[in-house]
Every structure is written in C-alpha cells, then in structure tokens.
Number of protein chains: 2
Amino acid sequence: MKILVIEDEPALLESILAYFTGEGNICEHAADFASANEKISLYNYDCILLDLGLPGGEGLELLTKLKQLKKRDGVLIISARHSLDDKLAGLDLGADDYLVKPFHLSELKARVTAIIRRKNFDGNNVIVFNEITVDVSAMKVTVKGNLISLTKKEFDLLVYFLSNRNKVVTKNAMAEHLWGDEMDLSDDFDFIYTHVKNLRKKLLEAGAADYLRSVYGIGYKFGDI
Amino acid sequence: MKILVIEDEPALLESILAYFTGEGNICEHAADFASANEKISLYNYDCILLDLGLPGGEGLELLTKLKQLKKRDGVLIISARHSLDDKLAGLDLGADDYLVKPFHLSELKARVTAIIRRKNFDGNNVIVFNEITVDVSAMKVTVKGNLISLTKKEFDLLVYFLSNRNKVVTKNAMAEHLWGDEMDLSDDFDFIYTHVKNLRKKLLEAGAADYLRSVYGIGYKFGDI
DNA sequence: CTTCAATAACTAAAATTTTCATGGTAATAA
DNA sequence: TTATTACCATGAAAATTTTAGTTATTGAAG
C-alpha cells in the first residue's frame, strides 16, 4: 500500500517510515506544510498519516484541500494530547480516525490497516474477482481455489489491478503506486513489463482467464473480457 | 504475554513488575488514572492488573471504558480489603477475577495465568497443531508425543506462530510481540533469524513437518503445508 | 567459575527486482 | 502499401535485497 507520512519530528518520522516500509509498503513523507500540500495535490495515497502540529501552516487545511480535490485518500490524524479540539475538528473535516501521541507502532498499523480495508475493500480483506481471490491481510492469492505464490511486486500489481478493475490504468499510475517517489517518472520503467509478464504468466498457468489487456500507449486494463 | 499493571503504591508495583518480567512477560505500568486510561485505550494487553484505589479517577471507569472500546483484555482487580463493594461492582462491569490484598505473588500469577488461558486458548492450556502440542502453562512442547526443549524466545515464537497459524506474520509484529516496545522497530534485528532458525531446527529434528515458510520481504507463515 | 540463552556480527545462499537484448506488434505518415 | 517509429512481450543475465546458517560475544543464573 502507498502511505504518506506527514510529520515534522525527525525521530518519530524515521521510525514510522522504517516500520511501514518494513511491512512492505511504499512510503513517502513530508515534514512541512508546503511539501505536504504539494504531495497530496499531486498524488494519491491509500492512507495519509497527518500530524497536525506542522511548521508552515495549519494541518487541518490539508483536510479541506483533500475534500476540494475530491480525493478519497484515507486520513489518520496523529494528534498531540493537548490538541483535542483540533482532533475533533479533524474528524468533522473528514479524517477517518485519530491517534493520540504517544502510541505503539503496532497500534498505528492496526488503525491504518483498518482505514485502508474500509476504504479500498468495503471492510473486507478479501477481494473476489471471478475465479481469483486475494486475501490482502494474509497476502494469499487463489485461482480456482488453488493457492498460488506471488512476489511482492506481483501481489501489489494484482491488488492494484483489482482495485481498478475494468478501468484503464496508466503506466505512470502503476509506477507511482508501486514505487512511490523513488521512481523518477521521466525514466522509462521498462521493468514494469517484466512484472506484468510474470504476474500474467502465473495467473494463466493457474488456470485464470486472460483478464489483462494492454492498452497501447497508455497502460493496462484488468477486468471482464 | 503482555501485561499492564495499574498500581500506585511504588513498592508493590515494583515487586509485581519484577516478578512478571522475571517470568518472561512484557510488562507496562500506570500509576494514575490518566495514564492508565491512555494505556488501555491505545493498546491491547493479555491481562490488566487493576488496583482500584487510584489517584486521579475512579478505577471502575476503566472497566466501563474497556467495554465501550470492545476490548477483550483480561482484567484482574487487585482490591484492598475494605473495598468489597467496588470489587463486586468490578466483576459486574466485566472484570475476570479479583484478588484481595495482601497476596502472594504466586497467587497473583496463578490467577493471571488462568485468565490468559481462558481468554486466549478457550480455557485450554494446550494448543494442538497436527503432531505439535504446546502446553502453555507448563511451557512444554511435544512433537509426535516426544517432549522437546525450547528456550524462552523459541517457545514464545512458537506460541505466536501457532496463534497466528496460516497467516503471514511480519517481522515487525514478531518483534513487537516478543520484545514489546523496548525494541526499536526501526533497527533491523537480524538476530530474530537466529531464534527462528533454532526453533525450526528443533521442530524438524523432532520429526515435525516443515510448517514454517519464510515470506520474502515480509516475514513468516506458519501453518498447513 | 561454568553454563546456557540472548544478541551481534558476519558469510553463504536464496529469492526477488532490475537491466539488457531481441523480436514482435500497433500506430503514423510518406 | 510500406517504411518508420514507438510501444509491448519475453527470456535471460546481472544486481540487489533478503534470509539462512555459523560463529563469537555478552550477560545472567546457578
């Protein structure tokens, strides 16, 4: 999953990033209002971790902005104890949850997972698409009931395709989702073809129908044939 | 196991903490209402030891709070003799057991163990998984009926795997469970591999099937092959 | 002092990701 | 139509990352 961490305290930022990256997520971060504002305007995230005490601006404005932009990123407010009012205001402005500092990283993870599941998978952790099922929390994929083994990139790719089923997804969007801002989008990331190929092959070999179509010059469409 | 000790008398708190930590549990503590309230809201514990005579608030409210939060932490009330009514009220509010001061630590431990067993293992103290059985209270593990000897970490690891069988558990989650929040989760704790390896080896040597799979980049999965 | 478990450090092995080379296919324009 | 170009598919090698396995050090318990 793709997560944006907006936090100005370096130590906390680092440990959050290390934790979520270690869990296999794509993480980006912003340490001040301006860069946070830019990130949320330009990109989409599965979940945004928002610390309200930001230098350079009022964190709550970011929530307003998200609403204006009609984005549907999940937002978890990380609040210092004294800013209870901000916290409640944040929920009013559309944040999905809040967490009071200090907290355990596992608690943070649990809440982030809950938000993502609610937003992306209607509260389920299993996506079903014809003969394909994907258990997001257990990282398990079955085709016609048989478990198949995917690498992380293949898995992420499949989840991304499935949460955008029947829609054309651009190569840029895929790259952005799977590699985050480490990826220079001016590069041509041919290696995405390799991952697509490998995923495709494993699905077909397991007996799935050929749901993945390439869209010349744009990207791919995964969905009903 | 993870235990929260809510107690304001320093001497008693210390001895309880020392005792349970010495038993190999992960312990946290709170000495007043506010911090207790925060802890129980944010985190989950296998068992909470709750002394009702707390500065800063009414301890029984914590039970109400737990119920509101739909938490299922075990709760053992540590009651001064005179507060019999509170004690009974506590049981009404969902506490699992009570213990009148003064008490022997061994008595306390026995009750805590009983609560945890009831909550986590459906009243059994034995987890059975194919040819592996784990007696949680006796810390005994058998494979095909033969007793094998595990160290504390190996044992905890096995119990953790078994209570998350067939699910991918991340290295972070394992670290959090086995070492609590003392562990800096932004470190890479390679030594966890050593414990995994030792556990794996002992199980295999005792004739168990190879139930433990590593999940590249994420962690491990213990379960049916 | 000895022993054993926990941790650390390091090397080897394995798995994954990326790069590279090549051939094919679709769009575009002369 | 055909040449040209950009794009996609594939196989395999290379690079990187992650895990396994060894051995050494620390620290506590007996």
Side-chain angles (χ1 to χ4, degrees), chain A residues 18 21-26 139 141 148-158 160-161 168-172 174-175 177-180 182-205 210-222, chain B residues 18-19 21-26 139 141 148-158 160-161 168-172 174-175 177-180 182-185 187-205 210-222:
Chain A
T21 306
E23 298 273 324
N25 299 286
I26 303 299
M139 284 203 41
V141 178
I148 65 173
S149 115
L150 299 181
T151 70
K152 211 165 30 174
K153 289 291 184 219
E154 290 158 10
F155 182 84
D156 288 351
L157 207 47
L158 178 58
Y160 187 66
F161 282 143
V168 175
V169 295
T170 67
K171 273 210 306 175
N172 277 332
M174 289 159 63
H177 190 87
L178 267 73
W179 286 272
E182 297 150 32
M183 170 76 36
D184 181 357
L185 290 177
S186 56
D187 282 2
D188 49 328
F189 18 83
D190 286 358
F191 51 82
I192 213 171
Y193 295 133
T194 305
H195 294 296
V196 167
K197 184 204 106 194
N198 291 335
L199 172 60
R200 192 179 247 156
K201 188 178 172 199
K202 286 185 183 177
L203 290 176
L204 289 176
E205 279 179 349
D210 185 13
Y211 296 115
L212 186 58
R213 289 282 126 79
S214 72
V215 182
Y216 190 92
I218 310 290
Y220 294 89
K221 192 178 80 150
F222 191 103
Chain B
Y19 187 77
T21 306
E23 295 277 322
N25 299 286
I26 305 296
M139 278 202 47
V141 178
I148 65 174
S149 112
L150 299 182
T151 69
K152 182 77 179 63
K153 291 291 183 211
E154 290 158 10
F155 183 83
D156 285 352
L157 207 47
L158 178 58
Y160 186 66
F161 281 143
V168 174
V169 296
T170 67
K171 278 207 303 175
N172 281 331
M174 289 158 62
H177 190 86
L178 266 72
W179 287 274
E182 298 146 32
M183 167 81 36
D184 181 358
L185 291 174
D187 282 0
D188 50 328
F189 19 86
D190 284 1
F191 53 80
I192 210 171
Y193 292 131
T194 307
H195 295 297
V196 169
K197 183 203 122 200
N198 292 335
L199 171 60
R200 188 182 251 155
K201 188 176 172 199
K202 287 184 182 175
L203 290 175
L204 289 176
E205 279 178 349
D210 185 14
Y211 295 116
L212 185 59
R213 288 280 129 79
S214 77
V215 182
Y216 189 96
I218 307 292
Y220 292 90
K221 193 180 78 157
F222 191 102

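Every heavy atom of this structure was used, including side-chain atoms; hydrogens, water molecules and symmetry mates were not. Not measured: the values here are computed from a predicted model. Within every chain, numbering begins at 1; the chains are lettered A, B, ... in the order of the sequence lines, protein sequences first and strands thereafter.
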Using a cut-off of under 3.5 Å, enumerate the N/O to N/O pairs linking the protein to nucleotides 19-24 of chain C.
unit_1	atom_1	unit_2	atom_2	d
C:dT19	O4	A:Thr194	OG1	3.4

Pull out every protein N or O sitting under 3.5 Å from an N or O of nucleotides 26-30 of chain C, one pair per line with the distance.
unit_1	atom_1	unit_2	atom_2	d
C:dA26	N3	A:Tyr216	OH	3.3

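Looking only at side-chain heavy atoms (C-beta outward), B:Thr151 and B:Asn198 stay at 4.5 Å or farther from each other. At a threshold of 4.5 Å between non-hydrogen side-chain atoms, the residues A:Leu203 and A:Phe222 count as touching. Proximity of A:Ile26 to A:Leu178: side-chain heavy atoms (C-beta onward) are nowhere separated by under 4.5 Å.
Residue-level contact check: A:Leu212 touches neither bases nor backbone, having no heavy atom under 4.0 Å from any strand.
Scored by the side chain to side chain donor-acceptor pair (under 3.5 Å) test, A:Tyr193 finds A:Lys171 as partners (sequence neighbours excluded). By the side chain to side chain contact (heavy atoms under 4.5 Å, CB included) test, A:Lys152 pairs with A:Asp156, B:Ile218, sequence neighbours left out. Considering only residues two or more places apart in sequence or on other chains, A:Met174 meets the side chain to side chain contact (heavy atoms under 4.5 Å, CB included) condition with A:Leu157, A:Tyr160, A:Phe161, A:Val169, A:Ile192, A:Val196, A:Tyr220. Taking the side chain to side chain contact (heavy atoms under 4.5 Å, CB included) definition, one finds that A:Lys221 meets it with A:Val168, A:Val215, sequence neighbours left out. When the side chain to side chain donor-acceptor pair (under 3.5 Å) test is applied to A:Tyr211, the partners found at least two apart in sequence or on another chain are A:Asn130, A:Glu131. Residues satisfying the ring pair (Phe, Tyr, Trp, His ring centres under 6.0 Å) test with A:Tyr216, not counting sequence neighbours, are none. By the side chain to side chain donor-acceptor pair (under 3.5 Å) test, B:Thr170 pairs with A:Glu23, sequence neighbours left out. For A:Lys202, the side chain to side chain donor-acceptor pair (under 3.5 Å) partners at least two apart in sequence or on another chain are A:Glu154.
A heavy atom closer than 4.0 Å to some atom of DNA chain C occurs in A:Thr151, A:Lys152, A:Lys153, these being the qualifying members of residues 150-158 of chain A.
Think of the region where chain B sits on DNA chain D: with heavy atoms and a 4.0 Å cut, that region ends 5' and 3' at D:dT17 to D:dT22.
Along DNA chain C, the nucleotide closest to B:Ser149 and the one closest to A:Asn198 are compared, and the more 5′ of them pairs with B:Ser149. Each of B:Lys201 and B:Gly217 was assigned the nucleotide of DNA chain D with the nearest heavy atom; the assignment lying further toward the 5' end belongs to B:Gly217.
Regarding contacts with the backbone of C:dT7, a side-chain N or O of B:Trp179 is found under 4.0 angstrom from either OP1 or OP2.
If you take CG on A:Leu199 and CZ on A:Phe155, they are separated by 11.0 Å, rounding to the nearest 0.5 Å.
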